[in-house]
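Note sheet for the following structure.
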2 protein chains.
Amino acid sequence: MQTKNIIEEKNLKLTSARKELLELFGFEKKPISFEDIKHKINMDKATFYRNVSKFESESILNSFESNDKKRYYEIQDFPHAHFICNNCNNIECLENMEPIKLEGYKIFDMIFKGICKSCNK
Amino acid sequence: MQTKNIIEEKNLKLTSARKELLELFGFEKKPISFEDIKHKINMDKATFYRNVSKFESESILNSFESNDKKRYYEIQDFPHAHFICNNCNNIECLENMEPIKLEGYKIFDMIFKGICKSCNK
DNA sequence: AACTTATATGCAACTTAGTCGCAATGGCAA
DNA sequence: TTGCCATTGCGACTAAGTTGCATATAAGTT
């Protein structure tokens, strides 16, 4: 979907900060934190955080807390688990995992921690 | 194991702060943060954090970051997953889960997020 | 194109978990 | 009992994220 349609659908204003963010999140293939992109973007950190919060409440983005006290955001498309490497700290999307069920619980998110494929070689 | 043996085994000094912490962690059945126990313990927060870090590097404790930007610690016994409830924020140990394997990865920790049994009723 | 108004932005001050340097304390071995 | 080195408390600091407020701007209306 186009950036413009995403925004209009939610009755938000299409500002340059929002264009910038949505293009960036659309381009990245993995979750990103403010730290990761602060040098690439042209807005105050308050604007970043206010927008990603709004996007999250409008179901445009997902987020989760990593090992490093930072929150990571990604476009909300199909649900998938994440792998956080204790060695290289990389965050990977696990797109081909069959969903896990737990009787009585609703699972929205799954995070695995350990040693990733590349570090495990 | 006795507190004293745990400490001596790792060549650490058995201070009153360490006794207090190990008894508390041994007593609690779920992961706890500094916030959770600061009113119960008799030590500076720097002492708390320095000790839990040391215990972690000596494989006495495990820890992980929750939703709330706080780190939670627990006695390292048998490996198990955790469930964090997005609604009541409670952290539960899932002791009866069969371990999940991912080809090429080493998994040390698993965190599920969603709605827990009690909130899902 | 100018007018209007609610929404969004930048800035600076604030909050809060956790860390660090340093001087004082206290376990423990000799 | 002594002495040394790990450990402690304290206060200052760090860094992610939040908030209040004055200003700017998107977008609908005239």
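Any value given below was found using the heavy atoms of this structure, including those in side chains, with hydrogens, waters and symmetry copies removed. Order of the sequence lines fixes the chain letters, A, B, ..., with proteins taken first and strands second; residue numbering starts at 1 for each chain.
In this structure, B:Asn120 contributes its side chain and B:Ile115 its backbone to no donor-acceptor pair below 3.5 Å.
At the heavy-atom level, A:Lys54 lies under 4.0 Å from the strands shown only through sugar-phosphate atoms. Among the atoms of the strands shown, only primed sugar atoms or phosphate atoms (P, OP1, OP2) are found under 4.0 Å from some heavy atom of B:Lys70.
Atoms CD (A:Glu65) and C1' (C:dA17) sit 11 Å apart, rounded to a whole Å. Going from atom NZ of B:Lys45 over to atom P of C:dA17 covers 8 Å, rounded to whole Å. Rounding to whole angstrom units, CD1 of residue B:Ile32 and P of C:dA17 are separated by 16 Å. As rounded to whole Å, 15 Å separates atom C1' of C:dT9 from atom CG of A:Leu12. The distance between atom CE of B:Met43 and atom C1' of C:dG26, rounded to the nearest whole Å, is 15 Å. Spacing between atom CD1 of B:Ile7 and atom C1' of C:dC28 amounts to 14 Å, rounded to whole angstrom units. The distance from atom OH of B:Tyr49 to atom C1' of C:dG21 is 19 Å, rounded to the nearest whole Å. The interatomic distance linking B:Glu35 (CD) with C:dT15 (P) rounds to 16 Å, in whole Å.
A salt bridge between B:Lys30 and B:Glu74 is absent, with no side-chain N of the basic residue lying under 4.0 Å from a carboxylate O of the acidic one. Remark: B:Glu8 does not engage B:Lys13 in a salt bridge, criterion side-chain N to carboxylate O under 4.0 Å.
Nearest-nucleotide mapping onto DNA chain C: of B:Lys69 and B:Asp44, the residue sitting toward the 5' end is B:Lys69. Two residues, A:Ala46 and B:Tyr73, neighbour DNA chain C, and the one matched to the more 5' nucleotide by heavy-atom proximity is A:Ala46.
Proximity of A:Arg18 to the phosphate of C:dA8: a side-chain N or O atom is located under 4.0 Å from OP1 or OP2.
Residue-environment remark: NZ (A:Lys54) stays at or below the threshold of 12 foreign heavy atoms within 6.0 Å. For B:Asn42, the CG atom is loosely surrounded, since the number of other residues' heavy atoms within 6.0 Å does not exceed 12.
For the helix from C:dA1-D:dT30 to C:dA30-D:dT1, the axis fitted to the five pairs at one end and the axis fitted to the five pairs at the other end meet at an angle of 30° (nearest 10 degrees).
In the 5' to 3' direction, nucleotides of DNA chain D lying under 4.0 Å from heavy atoms of chain A begin and end at D:dA16 to D:dA27.
Closest non-hydrogen pair, A:Lys40 versus A:Glu20, comes out as O-OE2, 3.8 Å. Here the closest heavy-atom approach between residue A:His80 and residue A:Leu94 is recorded as CB-O, 3.5 Å.
The distance between the ring centers of B:Phe112 and A:Tyr105 does not fall below 6.0 angstrom.
If you check C:dC22, C:dA6, C:dG18 against the side chain of B:Arg50, the one that comes closest is C:dC22.
Aromatic ring orientation, B:Tyr49 versus B:Phe34: tilted (interplanar angle from 30° to 60°).
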